[in-house]
2 protein chains.
Amino acid sequence: MAEKVTSLQVAERAGVSQSAVSRVFTPGASASKATVEKVRKAAEELGYRPNVLARAMVSGKSRIIGLVVAYLDNYFYPEALEILSNALQEQGYHVLVFMTSQTSGNIDGVVEEILDYQVDGIVTASVAMSSDLSQRCLQAGVPVVHFNRFESTKGVSSVTSDNYEGGRELARFLVAGGHKKIGYITGWEGASTQRDREAGFCDSLADLGQTLFAREVGDFDADRARAAANAMFNVAPENRPDAVFVANDHMAFAVMDELRFGLDLKIPEDVSVVGFDDVPPAAWRAYDLTTMRQRANLMVEETVDALLDHIKNPSTATPRKVAISTPLIVRGSARVPDIWPPQEG
Amino acid sequence: MAEKVTSLQVAERAGVSQSAVSRVFTPGASASKATVEKVRKAAEELGYRPNVLARAMVSGKSRIIGLVVAYLDNYFYPEALEILSNALQEQGYHVLVFMTSQTSGNIDGVVEEILDYQVDGIVTASVAMSSDLSQRCLQAGVPVVHFNRFESTKGVSSVTSDNYEGGRELARFLVAGGHKKIGYITGWEGASTQRDREAGFCDSLADLGQTLFAREVGDFDADRARAAANAMFNVAPENRPDAVFVANDHMAFAVMDELRFGLDLKIPEDVSVVGFDDVPPAAWRAYDLTTMRQRANLMVEETVDALLDHIKNPSTATPRKVAISTPLIVRGSARVPDIWPPQEG
DNA sequence: GTGAAAGCGCTAACAA
DNA sequence: TTGTTAGCGCTTTCAC
């Protein structure tokens, strides 16, 4: 077992001081060409690599970002995680993952654990933490950015889609498609994403002279969504919506299955279905779901941007509340208006 | 910005030595009831929490596990990641994620980076690393376990499904179902999972007096699988397979879509389709895919078990090669034999 | 440009 | 049981 090689050993072999070795491996440091060469050679021969943890201790920068994430069964998150992790890696950071569940209210405990690792920043994906805790992070000088969850807490940044406007657009689309009895299956009602999507949808509906024809709670859960679909559609034909907005794709797939296979309804002939997220299966032919695209790449970009800004300029950086616009992806699960997009003027 | 609270400050406030504080926060240490109380109180008041990194430096144990993972678009991995992360958390470890791509052969570089974090162990999910690198890890005293990828390298553990036996079972199922022209769409041919599934499938076919009727390469990629399906099925009817085993579910969905919507074939009437993994969408009614279940929970259990064994008993632990059996999940995408499971005797 | 020296916050002997 | 002491491997003044 070839034991750990330290900078001191490299120094001895290169015939320089230990601090010289440190400088060679420190990006912004100065060393003569000769020294650099000697050191690199010795390091190479010994298989030396700097100990990130030791560096973190003295510099106070761990280059670790803590990520709190709740549920990976919504396929938006694996996608986002992949992009986020890659983006951070490119900046020389790495992601320490902390799983938690939305319901098991131990999120605060998880965040404490994260802080113990002296992370340089925290990203929470779709989980809410107490504003108490947010304060603790701020006080500890650890910037927090909420991904896909708007948080009004002062001082923390959040990056989401423009869920409100996305909801509005969906309503316009459905109404333009001639639908008169429009239903909505909600996400988890504690989530800002859910609230914003619903508010935008209903406001827009109102603008167009309609109101929600039916509403059921889905909690962002496939099983509950299925039940919601049943409650909403397993009724006399005249009480059946002719279109339904399901608060995210994950639920929408379950709803479509229930509609087609459970209730023998045709999509979009009997009922139009639209979702939100545009996760990969939305594009699968069996679903072909019309949905609002959450642009994970842009969201991540903004997240990383905000995070690094706070890390690098602790005093001057100002919290951001970013809302990314969501293009409507028109596919086959909902009747398409004759005129779409709407004519100008 | 309430600056970092150190154990020294707690010590002063509690009127004890700094090491007393350390002991109170070290699981297996001894301290009198009185001391414990004083220290806990002081720590509480100051909001003290031990610095994991400092602890790691001196103890040599970081309680960080490095996870190298390639592609999260196969939904088996998010699932596995979630279970793994939770299992490790329960043992007081955390997961540092490193993304890489199968193709971009920089896996070795990634592993070097991992080592820099002084991780206590490494899990690679479905990626191969050079045996050179495996050696480096062993030499550094960092145990490696390969998840879902068999590696013959001496000294490293691997946990997979019993892919060979799974392949065999699928062949038995298809043949018992009366299929005579059986095709196979491969995964990435460099993967042990792919090789084992195919070997088992073909060996079993041979035992039953058949051979592969058609074979196309799918590379575990949805697009390539679609193309493969087209190449295999867009032919004169008599040259068309009556069943196809697709090397994983992720590809199977694309194949089913292509068969139904591209070629207007009925599943399972015109062609039976079976997959491997049993990811959540396999159970969605629109696919209802008959497939071999990879039991992620058991696989993770074995992975964690092996890893901790190596970490805790560096000298005595012996590398393990675990293969978890895979139950066949019979759904509607393939014709079901009249007699199934086969009668004994 | 370079080396000496002082720690970062903690654990682990060692004495007491 | 407790306090004292010596580092873990590194970055960073500070003289030279």
Side-chain angles (χ1 to χ4, degrees), chain A residues 2-40 42-43 46-64 92 115-120 140-142, chain B residues 2-40 42-43 46-64 92 115-120 140-142:
Chain A
E3 275 315 325
K4 307 246 181 280
V5 182
T6 71
S7 58
L8 189 63
Q9 297 172 43
V10 176
E12 279 167 3
R13 182 170 189 116
V16 298
S17 76
Q18 182 272 331
S19 22
V21 177
S22 172
R23 286 194 195 95
V24 171
F25 283 94
T26 302
S30 58
S32 71
K33 223 163 179 95
T35 309
V36 171
E37 241 157 62
K38 278 189 298 188
V39 169
R40 288 227 177 278
L46 262 34
Y48 168 78
R49 308 213 90 215
N51 180 330
V52 176
L53 263 35
R55 174 177 289 176
M57 268 213 52
V58 41
S59 71
K61 263 71 209 50
S62 65
R63 305 200 74 88
I64 297 178
L115 259 13
D116 295 349
Y117 279 90
Q118 314 299 115
V119 295
D120 290 346
V142 179
Chain B
E3 275 315 327
K4 308 245 179 282
V5 182
T6 70
S7 58
L8 189 62
Q9 298 172 44
V10 176
E12 279 165 4
R13 181 172 191 115
V16 298
S17 76
Q18 182 270 334
S19 25
V21 177
S22 171
R23 283 191 198 98
V24 171
F25 283 94
T26 302
S30 57
S32 72
K33 228 172 175 92
T35 310
V36 172
E37 242 158 60
K38 279 190 297 187
V39 170
R40 287 226 177 279
L46 262 34
Y48 168 78
R49 309 213 89 215
N51 180 329
V52 176
L53 262 36
R55 173 178 290 176
M57 267 214 55
V58 41
S59 71
K61 261 72 210 49
S62 64
R63 305 201 73 88
I64 297 177
L115 258 14
D116 295 348
Y117 279 90
Q118 314 298 118
V119 295
D120 289 346
V142 179

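Fair warning: this is a prediction, and the values are worked out from it, not measured in the lab. Chain letters run A, B, ... following the sequence lines, proteins first, then strands; residues in each count from 1.
- In this structure, B:S59 and B:K33 both approach DNA chain D, and ranking their closest nucleotides by distance from the 5' end singles out B:K33.
- For the OP1/OP2 pair of C:dG1 and a distance below 4.0 Å, the side-chain nitrogens and oxygens of A:S32 include no atom meeting the criterion.
- Using a 4.5 Å heavy-atom threshold, the side chains of A:Y48 and A:R40 count as separate.
- With D:dT2, C:dC10, C:dA5 as the candidates, the nucleotide lying closest to the side chain of A:Q18 is C:dA5.
- Here OG of B:S7 is found 14.5 Å from CZ of B:R49. Values are rounded to the nearest 0.5 Å.
- We find that CZ of A:F25 is positioned 14 Å from C1' of D:dT11, with the value rounded to whole Å.
- Of the side-chain N and O atoms in A:T35, none sit less than 4.0 angstrom from OP1 or OP2 of C:dG1.
- Atom CZ in B:R55 sits about 16 Å away from atom C1' in C:dC8, given to the nearest Å.
- Using a 4.0 Å heavy-atom distance criterion, A:Y48 is classed as a sugar-phosphate-only contact.
- Rounded to an integer number of Å, the gap from CG of B:L53 to C1' of D:dT11 is 15 Å.
- A:M57 has its CE atom 13 Å from the P atom of D:dC10, to the nearest Å.
- Nucleic acid contact for B:V16: sugar-phosphate only, since backbone atoms but no base atoms lie under 4.0 Å from a heavy atom of the residue.
- Looking at heavy-atom distances under 4.0 Å, A:S19 makes contact with a base.
- Atom P of nucleotide D:dG9 and atom NZ of A:K4 are separated by 9 Å, given to the nearest angstrom.
- When the side-chain nitrogen and oxygen atoms of A:S7 are compared with OP1 and OP2 of D:dC10, one or more of them lie within a distance under 4.0 Å.
- Protein atom CG of B:D116 is 17 Å distant from nucleotide atom C1' of D:dC8, rounded to whole Å.
- Checking the phosphate oxygens (OP1, OP2) of D:dT11, a side-chain nitrogen or oxygen of A:S22 falls inside 4.0 Å.
- For A:S17, taking side-chain heavy atoms from C-beta onward, the closest of the listed nucleotides C:dG3, D:dC10, C:dT11 is C:dG3.
- Note: A:L53 CG to A:I64 CD1 = 6.5 Å, rounded to the nearest 0.5 Å.
- Summarising the geometry, the separation between CD on A:E12 and P on D:dC10 is reported as 13 Å, rounded to the nearest angstrom.
- Atom CG in A:L115 sits about 15 Å away from atom P in C:dG9, given to the nearest Å.
- Summarising the geometry, atom CZ belonging to A:R23 is positioned 9.5 Å from atom CD belonging to A:Q18; distances are rounded to the nearest 0.5 Å.
- Nearest-nucleotide assignment on DNA chain C puts the 5′-proximal partner with A:A34, out of B:T26 and A:A34.
- A 4.5 Å side-chain heavy-atom check between A:R63 and A:V52 finds every atom pair outside the cut-off.
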